[in-house]
Peer 1: 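Structure below; questions to follow.
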Protein chains: 6
Amino acid sequence: MASRNAPLIFGGSASQKFTRAICRELKIKPGRCESRHYSEGNTFVRVLENVRGRDVFFVQSLSYPVNDHLVEILFYIDAFKRASARSVTAVIPFFSYGKGDKKDEPRVSIRARVCADCLEAAGVDRLVTMDLHAPQIQGFFRVPVDHLYALPVIAARFKRRINKNWVVVAPDVGATGMANAYARVLGAKTVIAEKTRQDLRENAVVKRIIGNVSGKNALIVDDFTISGGTLIATARRLKLEKAGDIFAAVAHGVLTKGCAARLTASPIKKLVITDTLEHRFEPLPPMVSVASAAPLFAKALRRIHNQTSVSALFEV
Amino acid sequence: MASRNAPLIFGGSASQKFTRAICRELKIKPGRCESRHYSEGNTFVRVLENVRGRDVFFVQSLSYPVNDHLVEILFYIDAFKRASARSVTAVIPFFSYGKGDKKDEPRVSIRARVCADCLEAAGVDRLVTMDLHAPQIQGFFRVPVDHLYALPVIAARFKRRINKNWVVVAPDVGATGMANAYARVLGAKTVIAEKTRQDLRENAVVKRIIGNVSGKNALIVDDFTISGGTLIATARRLKLEKAGDIFAAVAHGVLTKGCAARLTASPIKKLVITDTLEHRFEPLPPMVSVASAAPLFAKALRRIHNQTSVSALFEV
Amino acid sequence: MASRNAPLIFGGSASQKFTRAICRELKIKPGRCESRHYSEGNTFVRVLENVRGRDVFFVQSLSYPVNDHLVEILFYIDAFKRASARSVTAVIPFFSYGKGDKKDEPRVSIRARVCADCLEAAGVDRLVTMDLHAPQIQGFFRVPVDHLYALPVIAARFKRRINKNWVVVAPDVGATGMANAYARVLGAKTVIAEKTRQDLRENAVVKRIIGNVSGKNALIVDDFTISGGTLIATARRLKLEKAGDIFAAVAHGVLTKGCAARLTASPIKKLVITDTLEHRFEPLPPMVSVASAAPLFAKALRRIHNQTSVSALFEV
Amino acid sequence: MASRNAPLIFGGSASQKFTRAICRELKIKPGRCESRHYSEGNTFVRVLENVRGRDVFFVQSLSYPVNDHLVEILFYIDAFKRASARSVTAVIPFFSYGKGDKKDEPRVSIRARVCADCLEAAGVDRLVTMDLHAPQIQGFFRVPVDHLYALPVIAARFKRRINKNWVVVAPDVGATGMANAYARVLGAKTVIAEKTRQDLRENAVVKRIIGNVSGKNALIVDDFTISGGTLIATARRLKLEKAGDIFAAVAHGVLTKGCAARLTASPIKKLVITDTLEHRFEPLPPMVSVASAAPLFAKALRRIHNQTSVSALFEV
Amino acid sequence: MASRNAPLIFGGSASQKFTRAICRELKIKPGRCESRHYSEGNTFVRVLENVRGRDVFFVQSLSYPVNDHLVEILFYIDAFKRASARSVTAVIPFFSYGKGDKKDEPRVSIRARVCADCLEAAGVDRLVTMDLHAPQIQGFFRVPVDHLYALPVIAARFKRRINKNWVVVAPDVGATGMANAYARVLGAKTVIAEKTRQDLRENAVVKRIIGNVSGKNALIVDDFTISGGTLIATARRLKLEKAGDIFAAVAHGVLTKGCAARLTASPIKKLVITDTLEHRFEPLPPMVSVASAAPLFAKALRRIHNQTSVSALFEV
Amino acid sequence: MASRNAPLIFGGSASQKFTRAICRELKIKPGRCESRHYSEGNTFVRVLENVRGRDVFFVQSLSYPVNDHLVEILFYIDAFKRASARSVTAVIPFFSYGKGDKKDEPRVSIRARVCADCLEAAGVDRLVTMDLHAPQIQGFFRVPVDHLYALPVIAARFKRRINKNWVVVAPDVGATGMANAYARVLGAKTVIAEKTRQDLRENAVVKRIIGNVSGKNALIVDDFTISGGTLIATARRLKLEKAGDIFAAVAHGVLTKGCAARLTASPIKKLVITDTLEHRFEPLPPMVSVASAAPLFAKALRRIHNQTSVSALFEV
């Protein structure tokens with residue numbers, strides 16, 4: 001997979017390691033390019049090899065600093081298109097503005113739609129992403145979206161351990177579908193933590209656990225965690241309800257400053273995240289374990305390039 | 001100017017003071033809105049008053065951190081449009097990506113066009129800006145652009161001092177037109193510093209001064225300065241050529257860290273900048289003086305709102 | 001409100017009564033137009049009065065036959081725009097394709113986005129709708145969407161009856177937010193019916209009721225019902241859990257053939273719907289009661305036309 | 001023609017037979033997909049095989065119920081594009097809204113333009129159609145249109161029979177060009193029936209026959225007939241003018257209810273139609289004979305796929 | 001009609017007189033602007049007064065040299081929009097590329113659609129034109145088109161003269177509808193000249209006159225004439241059929257070089273044209289008489305500006 | 001390079017010779033097409049061979065009459081796209097409206113942006129051009145632009161002659177970058193002629209020569225000349241400054257009427273132009289020599305078609 005016909009995969013400044021890992025899987029070299037974020041705040045990008053008529057994949061998560069990485073992606077897409085790439089696929093493993101922004105409050109922006117429109121204005125031809133917080137935002141794009149799931153990557157870590165006596169925990173009602181999917185694959189049952197938020201960014205309070213967890217081990221699953229707050233609150237409530245060992249898994253682990261200590265002090269024995277985010281606000285504590293999503297992305301990109309089904313990757 | 005029919009002027013997080021200054025001139029209150037830049041990197045905006053059917057002006061310079069402010073502008077435009085504003089004018093006093101990006105090197109992005117396309121995708125109806133580095137980028141927009149000049153603001157500071165024995169200095173050949181405009185207004189002559197750059201971001205070297213400066217006071221003018229490098233190099237060269245007192249003036253003073261000391265140590269006696277940029281990497285040294293462009297912007301916005309000519313503001 | 005400056009409100013063939021009811025509230029006459037659906041299947045529309053420079057509101061639910069009414073709306077929007085209306089607002093009380101179409105199955109269409117794109121291609125300037133199944137689809141539109149809620153209309157019918165001993169029932173976890181909103185207004189508690197679907201269009205099975213309902217009266221709330229299946233299954237389960245009297249309320253009552261008998265035979269004492277749908281597959285049974293949403297829409301259209309806040313209508 | 005490189009041809013619910021006939025000609029299997037029109041009026045579509053990177057042809061006439069079939073086409077185009085088809089060609093043998101809608105009356109919609117815009121908004125890359133009522137509507141599309149003619153299909157049925165003593169009859173002046181084309185191929189002369197319509201949908205009255213038909217056999221040709229009215233009125237007038245045997249041929253035979261009896265009782269001995277429409281409002285009477293246009297479409301699709309000239313199909 | 005709220009009407013280099021005539025009717029002064037067509041071939045335009053927030057009408061026929069005038073219109077639209085006009089209406093009395101370009105021959109351009117797309121790309125908000133050759137091309141535009149008819153202007157010249165013994169002559173079958181409209185207004189009958197063209201630009205041959213003209217005076221009507229060829233050929237044929245006096249009338253008289261002599265030598269006694277075209281290839285011969293369409297356009301522009309019905313102008 | 005896979009190169013009426021020269025280099029035949037500019041001013045184009053699925057290059061300079069050639073290009077692009085070409089590249093060697101139109105005067109059009117929008121509206125996929133007056137206008141296009149430089153073509157003519165004792169002259173400060181590039185390749189030094197223009201189209205006055213030219217031979221370089229005015233004024237000034245032999249070179253030689261005599265009488269010994277312009281207002285005088293840019297364009301088109309780097313053509 002390295003001929004003229006091979007895909008060209010470039011990595012932005014937020015996803016250097018992840019891009020190399022994907023390329024290793026595909027036995028190709030990453031494309032050469034350079035990104036500069038100058039001290040006065042400007043971003044500048046340059047592609048360092050010929051891309052005429054090629055199918056280009058540009059890999060970059062919307063990790064911290066999110067807007068710098070978003071703008072960098074836009075500039076790269078433009079550079080590739082003006083350099084006559086045949087197509088440009090934005091591979092954005094973590095799409096930070098991936099919420100639906102339901103507009104249940106007045107006069108806010110629907111941020112994911114703005115991002116979608118800007119990516120399309122810059123000339124993107126396709127999006128590959130993983131575990132969007134609101135899968136409906138695929139409809140914010142006119143271009144095709146390949147939506148991957150971290151489920152097989154994470155489930156592989158738990159498969160041997162988990163059995164019918166475990167429960168998979170949805171940390172809020174919105175996560176029920178995802179929890180059911182994990183439960184189905186792992187052969188466990190689902191319970192739901194009903195959450196309340198008094199205010200927009202306040203810590204969540206877990207009102208109750210719907211389902212019986214007494215004496216059972218529990219795996220809390222979610223698409224992402226920023227500060228670990230919801231996971232920890234859920235874990236505490238599970239303990240109150242006499243659950244056994246508690247584990248957690250999220251596709252995207254942002255883990256802001258202070259998180260490591262809080263997680264370590266929590267009832268969660270192990271948190272599994274994937275490697276979609278490279279920026280670390282602080283070193284990961286030992287209780288966090290990283291499963292690589294790069295092989296999954298490599299498979300997906302190969303299928304996209306070979307024009308075989310991507311959804312088949314997730315058939316059970 | 002505060003009725004139902006009045007314009008609504010909102011200021012983003014980069015231009016709070018500048019917006020208040022404009023509103024003071026117009027005797028109206030700034031619109032209420034809130035911008036949040038969260039620690040994990042996301043930006044969130046909310047408009048706090050009804051804008052249905054109103055002509056909204058949103059004021060924000062692309063100051064440091066540039067991309068956060070750019071994305072904030074995009075989200076605000078979207079929020080205003082979805083809240084049914086009749087029109088949204090982006091007032092971006094300093095348009096950081098305002099270079100033409102001539103693509104004289106291959107495979108780079110034309111960044112200002114990307115910005116223009118994103119602003120238009122978000123729904124902007126008009127741009128008001130000042131002293132674009134490359135005025136041609138007005139053509140990157142489909143919407144009307146009102147391009148203001150800092151010239152009258154800055155010239156007012158020098159008018160009494162300057163006479164025929166002064167020279168206005170263009171720090172490179174590209175700035176000749178601008179220097180001529182200042183010279184015309186101030187009744188001085190123009191000289192040109194011919195600059196060379198070995199490399200993209202390296203410090204410029206002044207090859208020669210075209211024109212006689214011996215014994216004359218000099219005013220170096222430019223659209224913006226980041227580190228002061230070009231101004232200082234030009235000033236030194238002018239001293240070599242036996243110029244008298246040396247002054248400098250730029251519309252947009254970015255002035256990154258370390259700049260204060262270098263400027264203070266330079267042969268420049270006084271640098272005049274405007275208040276289009278509020279972010280300060282370090283305190284301004286005493287030799288920098290700030291002239292407010294807010295009255296100019298207030299006049300321009302009033303003319304736009306009243307549908308009278310903006311270009312008339314700059315007729316001599 | 002009948003001068004040259006008044007809004008012009010036209011009703012399509014699916015919403016003749018509803019349009020007249022709105023106009024009665026606003027004390028204006030509906031605009032004159034004619035819609036023909038010919039026997040060979042073509043649709044033809046004609047506007048019968050001058051609309052130059054006017055703000056036109058075109059009212060039509062996507063009731064049965066859904067696609068005829070969708071296409072009729074598209075033709076009317078085009079006719080109004082070509083006849084030089086200043087703006088055209090599509091008022092679609094029931095937006096039948098209002099699901100997010102999350103694409104959790106491969107190779108399906110995101111139908112609401114297709115509808116949004118077609119409405120925008122035809123020239124629509126704004127959408128007014130009520131109780132979208134997935135509020136996120138506001139993000140499928142670039143034009144502003146005013147999203148109304150049937151809650152005040154329906155709650156008015158129950159306010160005197162309901163107290164703390166009642167429960168509001170979300171018929172599935174997705175409806176929890178809506179049920180909480182009703183509960184807050186009515187001063188009751190929320191319980192959740194957890195539903196399973198074996199297959200896409202199969203009847204739902206209620207797995208369990210989350211929360212205590214024994215001895216309490218219950219109000220099941222939802223955005224719409226097609227065949228009444230979910231409401232009835234929920235009601236039966238509530239009875240098993242020893243609930244007292246059971247009521248139901250939905251914004252949009254499609255009520256296909258056979259529904260009347262099934263509802264009458266069910267434990268539901270009274271079902272309240274609104275008048276957003278005029279097509280009746282069969283006569284309504286006595287246990288169904290209709291609350292008019294026309295006054296709410298009239299208020300919203302007046303506010304849109306007067307450019308005052310619409311969200312204020314729903315502040316508690 | 002069945003390899004990876006072969007075209008993929010899918011048929012919608014209105015054109016199942018016609019699609020199979022085309023595929024038989026091309027010796028390929030139709031693509032697998034399912035269309036559902038639910039009893040409450042919604043349409044749902046699903047593609048059942050991988051289409052990544054493939055050239056997809058979707059075949060569906062706008063037959064009764066027209067709008068359901070139009071919306072179904074839009075949903076399929078969207079589904080194919082989101083499933084990453086390389087291109088989607090809409091093959092719409094009968095384009096029901098194919099009139100120019102000249103807007104000689106005020107405040108009507110230009111329906112074919114609305115259809116064109118919706119098809120393009122959904123993502124169509126090309127249209128293949130036959131005998132548009134107003135060929136000018138090709139200009140309503142930005143994408144290429146391949147416009148086929150039923151002439152060779154129908155003329156083949158008459159070639160042996162017709163000679164210089166026959167006339168080809170244009171049933172109104174607008175059909176003169178078409179009639180001339182048939183006459184040229186069949187070696188006959190053209191006469192014109194001048195029609196008047198008192199009102200929009202009223203039956204036409206034939207004012208006069210321009211040209212001599214006395215003692216001559218006649219073939220009336222048109223692009224489509226809905227109720228047979230124009231054909232029958234023309235035939236009667238021809239009989240008054242002492243024509244011999246009378247035949248008729250149209251590309252698209254809609255033939256609404258009651259048509260069979262009226263045609264059988266008319267002076268027309270035989271009406272030839274093609275198989276572009278599968279919906280039958282009632283059984284075809286024996287005097288109607290169906291010539292298949294499927295081989296013609298098969299040839300056209302093969303040429304489009306092989307990138308050879310389609311217009312060459314119609315060179316005489 | 002000269003206040004701030006008045007329309008601003010500008011005339012391009014092709015329609016200076018016509019614009020002044022319209023303005024005289026409306027009692028306003030034409031807007032000031034300048035157009036230059038340089039000797040090396042470039043076109044340059046400049047607007048000489050403030051147009052912010054104004055409704056601008058730009059008047060220019062596509063007369064010889066057609067493409068210079070088309071490009072001039074595009075540049076003016078852009079200049080007006082960038083100068084912040086609220087709306088720009090292109091008033092193109094003679095739309096030279098107004099044919100449908102049916103694409104009945106392969107691989108040609110649909111020129112009117114290209115013109116429509118360019119006008120819309122430049123930012124036009126509305127088109128006002130008269131007697132399009134193919135009225136269907138209104139559907140090539142997304143913006144509203146106000147289509148005027150020269151009929152009342154021309155008919156006024158013939159009203160006293162014409163009675164039931166006259167015939168109105170359609171010079172080909174395509175003009176039948178137009179001829180009928182004249183006949184209805186003038187109280188005459190219609191006859192049709194059936195034309196053949198051997199080749200694309202060859203002179204037409206009149207095959208026959210459909211209807212009796214013997215002893216009757218005749219008025220030939222058409223939308224435009226370039227060389228007078230069709231009119232003269234029709235007139236000659238009418239003479240052969242023993243018609244009495246022959247008159248002709250067209251909305252747009254291009255009248256290329258040599259035309260004057262040919263018309264004077266022809267059986268046509270008088271040709272009436274309107275003043276939509278100012279370029280004269282040679283002086284008009286005495287038998288050509290010009291009726292001004294300026295009052296009609298003035299009325300239409302006033303109605304557009306006052307937002308009253310334009311179609312009402314043509315109700316009989 | 002003549003198989004099915006070969007590019008198809010068509011030449012418009014302005015660039016017949018240039019197209020043949022390119023094709024000769026590539027050993028292919030030009031595509032067959034015909035362009036007609038009728039005496040009444042209309043333009044008509046027709047493609048005479050099948051282009052389905054082919055990569056089409058259409059070659060035409062914007063030479064006199066500029067607007068006819070611009071419109072011809074638009075019609076050809078439309079014809080190619082509707083005839084199903086896979087891609088259409090406009091090869092416009094001289095892009096006459098290639099100035100930035102900086103809008104430093106109010107209420108003018110940004111003409112190059114209008115041209116870009118029209119080309120894109122017509123469906124162009126790429127632009128190839130040479131020596132744009134303002135390279136920034138690449139940003140006016142969304143499609144990729146391949147910008148070639150005449151430098152290697154022209155430099156080849158001077159290479160043997162020029163040495164360190166020569167100067168390359170920029171005829172105004174804006175041309176400094178270009179002059180530096182020539183100087184670098186030719187091993188000479190750069191001097192700058194500072195020009196003033198009193199008025200828009202008035203003859204320029206050379207204020208001074210920046211740099212020493214006494215006793216040196218000089219080569220004045222520019223992107224284009226219309227009347228030769230700037231070149232001659234610069235040459236005269238150089239003579240005043242005691243320069244030796246004076247040569248000039250421009251990429252695009254428009255050379256309007258009267259130019260031949262003026263150039264011949266000037267101090268310029270030899271003017272080298274390329275063959276991008278075929279229209280000659282008068283015969284070229286002996287002192288003008290034409291270097292063919294066709295081999296350069298042939299190389300560029302081959303590289304575009306083979307998807308290898310075009311920028312590599314200009315690496316020194």
Side-chain angles (χ1 to χ4, degrees), chain C residues 33 36-51 62-72 74-83 96-97 99 103 105-111 113-123 200-201 226-227 254-257 279 281, chain D residues 33 36-51 62-72 74-83 96-97 99 103 105-111 113-123 200-201 226-227 254-257 279 281:
Chain C
C33 62
R36 294 193 193 168
H37 295 282
Y38 290 114
S39 63
E40 84 280 11
N42 281 350
T43 294
F44 174 83
V45 309
R46 181 157 32 192
V47 179
L48 297 169
E49 57 184 273
N50 179 36
V51 298
L62 290 179
S63 67
Y64 182 87
V66 173
N67 297 325
D68 283 348
H69 292 142
L70 174 58
V71 171
E72 186 185 326
L74 297 174
F75 288 167
Y76 265 113
I77 294 170
D78 185 61
F80 287 123
K81 296 296 270 196
R82 291 188 184 276
S96 189
Y97 290 113
K99 305 175 185 176
K103 281 208 66 192
E105 49 180 337
R107 299 180 210 110
V108 296
S109 173
I110 301 186
R111 295 173 297 168
R113 175 68 194 255
V114 175
C115 293
D117 286 348
C118 289
L119 288 163
E120 292 181 359
L200 193 64
R201 298 282 299 195
I226 292 177
S227 67
V254 179
L255 305 177
T256 47
K257 190 119 195 146
H279 177 85
F281 292 87
Chain D
C33 62
R36 294 193 193 169
H37 295 281
Y38 290 114
S39 62
E40 84 279 12
N42 282 351
T43 294
F44 174 83
V45 309
R46 181 156 34 191
V47 179
L48 297 169
E49 57 184 275
N50 179 36
V51 299
L62 289 179
S63 68
Y64 182 87
V66 173
N67 297 325
D68 283 348
H69 292 141
L70 174 59
V71 171
E72 185 185 327
L74 297 174
F75 288 167
Y76 265 113
I77 294 170
D78 185 60
F80 287 123
K81 296 297 270 195
R82 291 189 184 276
S96 189
Y97 290 113
K99 305 175 185 177
K103 283 209 63 192
E105 48 181 336
R107 300 181 210 110
V108 297
S109 174
I110 301 186
R111 295 173 297 167
R113 176 67 195 257
V114 175
C115 293
D117 286 348
C118 289
L119 288 163
E120 291 181 0
L200 192 65
R201 298 284 299 196
I226 292 177
S227 67
V254 179
L255 305 177
T256 47
K257 192 117 194 146
H279 177 86
F281 291 87

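We name chains A, B, ... by the order of the sequence lines, and we start the count at 1 in each one.
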Peer 1: For a 4.5 angstrom cut-off between non-hydrogen side-chain atoms, does D/N50 reach C/R107?
Peer 2: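 Side chain of D/N50 against side chain of C/R107, heavy atoms only: contact under 4.5 Å found.
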
Peer 1: Looking only at heavy atoms, which two atoms of D/S109 and C/A79 are closest? And how far apart?
Peer 2: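 D/S109 and C/A79 have their closest heavy atoms at N-CB, 3.7 Å.
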
Peer 1: So, using salt bridge (charged side-chain N to carboxylate O under 4.0 Å, His left out) as the criterion, who are the partners of D/D78 when residues are at least two apart?
Peer 2: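 If we apply the salt bridge (charged side-chain N to carboxylate O under 4.0 Å, His left out) test to D/D78, skipping adjacent residues, the hits are A/R142, D/R82.
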
Peer 1: Check each atom of C/E49 against the heavy atoms of chain D and say whether the ones under 4.5 Å are side chain, backbone, both or neither.
Peer 2: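 The answer is the backbone of C/E49.
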
Peer 1: Heavy atoms only: give me the nearest C/V108-D/F44 pair and the separation to one decimal.
Peer 2: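 Taking every non-hydrogen atom into account, CG1-CZ, 4.0 Å.
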
Peer 1: With a 4.5 angstrom heavy-atom cut-off, is it the side chain or the backbone of C/L48 that approaches chain D, or both, or neither?
Peer 2: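 Backbone only.
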
Peer 1: By the definition side chain to side chain contact (heavy atoms under 4.5 Å, CB included), identify the one residue from C/V71, C/L74, C/I77 that meets it with D/V114.
Peer 2: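 When side chain to side chain contact (heavy atoms under 4.5 Å, CB included) is applied between D/V114 and each of C/V71, C/L74, C/I77, only C/L74 qualifies.
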
Peer 1: Is it the backbone or the side chain of C/F281 that comes under 4.5 Å from a heavy atom of chain D, or both, or neither?
Peer 2: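 When you check distances to chain D, only side chain atoms of C/F281 fall under 4.5 Å.
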
Peer 1: Out of curiosity, C/D117 CG to D/D117 CG, how far, rounded to the nearest 0.5 Å?
Peer 2: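 These two atoms lie 11.5 Å from each other.
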
Peer 1: Contact part of D/L119 toward chain C, heavy-atom cut-off under 4.5 Å: side chain, backbone, both or neither?
Peer 2: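 D/L119 has no heavy atom closer than 4.5 Å to chain C.
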
Peer 1: Checking C/T43 now: which residues fulfil side-chain hydrogen bond (donor to acceptor under 3.5 Å, both in side chains) with it, not counting sequence neighbours?
Peer 2: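 With neighbours one apart ignored, the set is C/H37, D/N67.
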
Peer 1: Hey, could you give me the OG/CD distance between D/S96 and C/E40, rounded to the nearest 0.5 Å?
Peer 2: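 Interatomic distance, D/S96 OG to C/E40 CD, rounded to 0.5 Å: 6.5 Å.
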
Peer 1: Give, for atom OG of C/S39 and atom CD1 of D/I226, the distance between the pair rounded to the nearest 0.5 Å.
Peer 2: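 The distance works out to 7.5 Å.
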
